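See below for the structure under consideration.
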Protein chains: 2
Amino acid sequence: MTQKIDFLSKNQQIVLEIIEKAKEPLKAYSILFSVQKKGIKAPPQVYRALDRLIKLGKIHKIESKNAFVACKNDSCTISNATAFSICDNCEMVTEISNPKLSKYLANFQDETGMRYNKYNLEFFGLCKKCKK
Amino acid sequence: MTQKIDFLSKNQQIVLEIIEKAKEPLKAYSILFSVQKKGIKAPPQVYRALDRLIKLGKIHKIESKNAFVACKNDSCTISNATAFSICDNCEMVTEISNPKLSKYLANFQDETGMRYNKYNLEFFGLCKKCKK
DNA sequence: TTACGCTTTGTTATAATATAACATTTTTAA
DNA sequence: TTAAAAATGTTATATTATAACAAAGCGTAA
Ligand SMILES: [Zn+2]
Ligand SMILES: [Zn+2]
Ligand SMILES: [Zn+2]
Ligand SMILES: [Zn+2]
């Protein structure tokens with residue numbers, strides 16, 4: 001068998017649950033702290049789970065923040081086309097799920113004719129709450 | 001006086017020169033090594049210069065690689081709208097300068113009506129050389 | 001000129017993020 | 001059952017980035 005695609009190991013479930021419950025992106029070491037009561041003791045255990053969850057599209061990494069969010073988008077089974085809205089003021093991050101945008105980016109072709117199989121887009125601004 | 005906008009300090013010039021000469025993105029600590037012969041000895045000196053150069057739009061950070069590239073785009077005086085093409089195989093990174101793309105993204109408005117004053121987009125694929 | 005504010009620099013230490021390496025246990029499939 | 005593969009546990013260390021504070025350089029106004 002090549003790969004179990006919908007089964008998560010214990011550590012992976014624990015880490016995913018923490019991230020899903022969070023309202024804001026979580027850092028790896030804050031996850032580590034949270035899960036120590038459940039027996040996960042060392043960074044590699046967390047990073048391994050994170051890597052796997054990212055590959056499965058269950059979570060995404062916010063690169064500009066070195067933090068992780070749960071994917072809320074059911075169609076996002078693999079993390080190869082992601083777009084986020086990030087508030088510069090509060091910690092709010094939401095995944096943008098906009099068919100026109102994703103179609104535009106998935107089909108984007110640069111001057112040299114190069115095509116891409118993956119992209120990550122991060123938008124920054126002030127969210128509604130923070131915009132006074 | 002508020003800010004000298006086009007003058008670079010000594011350390012800033014040294015760091016910029018190294019990045020401009022490089023053919024691939026440079027990591028902060030590899031920059032530190034390179035500039036030690038010129039008297040820059042400690043991380044904060046490099047990171048300060050990097051921060052300033054980013055604010056001025058002279059360089060950009062490739063977030064997925066924690067590395068820095070010189071801006072080749074004259075109109076890019078401030079780092080608030082960036083797009084990069086990143087080869088998954090070699091270390092090639094190039095800044096995409098495509099008016100249609102930047103217009104599309106600069107005007108993008110999400111479902112909630114939120115507008116953005118900054119974005120960063122990273123495309124991944126195989127560059128021409130690596131695509132056999 | 002001097003004295004003050006501001007920016008840049010220098011320096012040490014440490015925080016925060018991430019991986020290497022290897023031993024052990026668990027799960028899977030032949 | 002047994003051998004391979006996957007997941008886990010563990011220690012140590014590598015990599016990336018910032019805090020904190022002292023000293024030097026520079027513009028300017030009294
Ligand atoms: Zn998603
Ligand atoms: Zn906000
Ligand atoms: Zn640029
Ligand atoms: Zn390539």
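All values derive from a computational prediction rather than experimental measurement. Labels below follow one simple rule: chain letters A, B, ... track the order of the sequence lines, proteins then strands, and each chain is numbered from 1.
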Please list every donor-acceptor pair under 3.5 Å in which a side-chain atom of residues 38-49 of chain A meets a protein atom from a residue at least two apart or in another chain.
residue	atom	partner	partner atom	Å
A:Gln45	OE1	A:Lys41	N	3.0
A:Gln45	OE1	A:Ala42	N	2.9

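- With sequence neighbours excluded, the residues forming a side-chain contact (heavy atoms from CB on, under 4.5 Å) with A:Glu24 are A:Ala22, A:Leu26, A:Glu91, listed by chain and number.
- Here B:Lys65 lies out of heavy-atom contact (under 4.0 Å) with every strand.
- Taking the side chain as every heavy atom from C-beta outward, A:Leu53 and A:Phe68 never approach each other to under 4.5 Å.
- The distance from atom CG of A:Asp51 to atom C1' of C:dA20 is 14 Å, rounded to the nearest whole Å.
- Regarding contacts with the backbone of D:dA17, a side-chain N or O of B:Lys61 is found under 4.0 angstrom from either OP1 or OP2.
- Contact between the side-chain N/O atoms of A:Gln45 and the OP1/OP2 oxygens of D:dT8 is not found at any separation under 4.0 Å.
- Partners of B:Ser34 according to the side-chain contact (heavy atoms from CB on, under 4.5 Å) rule, which considers only residues two or more places apart in sequence or in another chain, are B:Ile18.
- Atoms CZ (B:Phe7) and P (D:dG25) sit 14 Å apart, rounded to a whole Å.
- Looking at the side chain of A:Asn66, the nearest of the listed nucleotides C:dA18, D:dT10, D:dT18 is C:dA18.
- Here the side chain of B:Asn11 is nearest to one of C:dG10, C:dT19, C:dT11, namely C:dG10.
- For DNA chain D, the residues of residues 12-35 of chain B within the heavy-atom distance limit of 4.0 Å (strictly under) are B:Lys27, B:Tyr29, sorted by number.
- D:dG9 atom C1' lies 11 Å from atom CD1 of A:Ile40, rounded to whole Å.
- Look at CG on A:Leu50: it is 15 Å from P on D:dA7, rounded to the nearest Å.
- Atom OH in A:Tyr47 sits roughly 13 Å away from atom P in D:dT16 (whole-Å rounding).
- Scanning for side-chain contact (heavy atoms from CB on, under 4.5 Å) contacts around B:Thr94 gives B:Ser85, B:Met92, with sequence neighbours left out.
- The backbone N or O of B:Ile62 sits nowhere less than 3.5 Å from a side-chain atom of B:Glu122 that would complete a donor-acceptor pair.
- In this model, the phosphate group of C:dT9 is approached by a side-chain N or O of B:Ser9 to a distance below 4.0 Å at OP1 or OP2.
- For the pair B:Lys10 NZ and C:dT9 P, the computed distance is 7 Å after rounding to whole Å.
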What are the atom names and distances for every N/O pair under 3.5 Å that joins the protein to nucleotides 21-23 of chain C?
residue	atom	partner	partner atom	Å
C:dA21	N6	A:Arg48	NH2	3.4

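- Counting to the nearest Å, the C1' atom of D:dT8 and the NZ atom of A:Lys41 are 12 Å from each other.
- Legend: residues meeting ring pair (Phe, Tyr, Trp, His ring centres under 6.0 Å) with A:Phe108, ordered by chain and number and at least two apart, are B:Phe123.
- No side-chain donor-acceptor contact under 3.5 Å links B:Asn107 and B:Gln109.
- In terms of position on DNA chain C, the residue among A:Pro43 and B:Ala42 whose nearest nucleotide sits closer to the 5' end is B:Ala42.
- Among residues two or more places apart in sequence or in another chain, the ring pair (Phe, Tyr, Trp, His ring centres under 6.0 Å) test is passed with A:Tyr104 by B:Tyr104.
- Under the side-chain contact (heavy atoms from CB on, under 4.5 Å) criterion, A:Asn89 pairs with A:Cys87, A:Leu126, A:Cys130, sequence neighbours left out.
- Here the P atom of nucleotide C:dT9 and the NZ atom of B:Lys38 are 15 Å apart, to the nearest Å.
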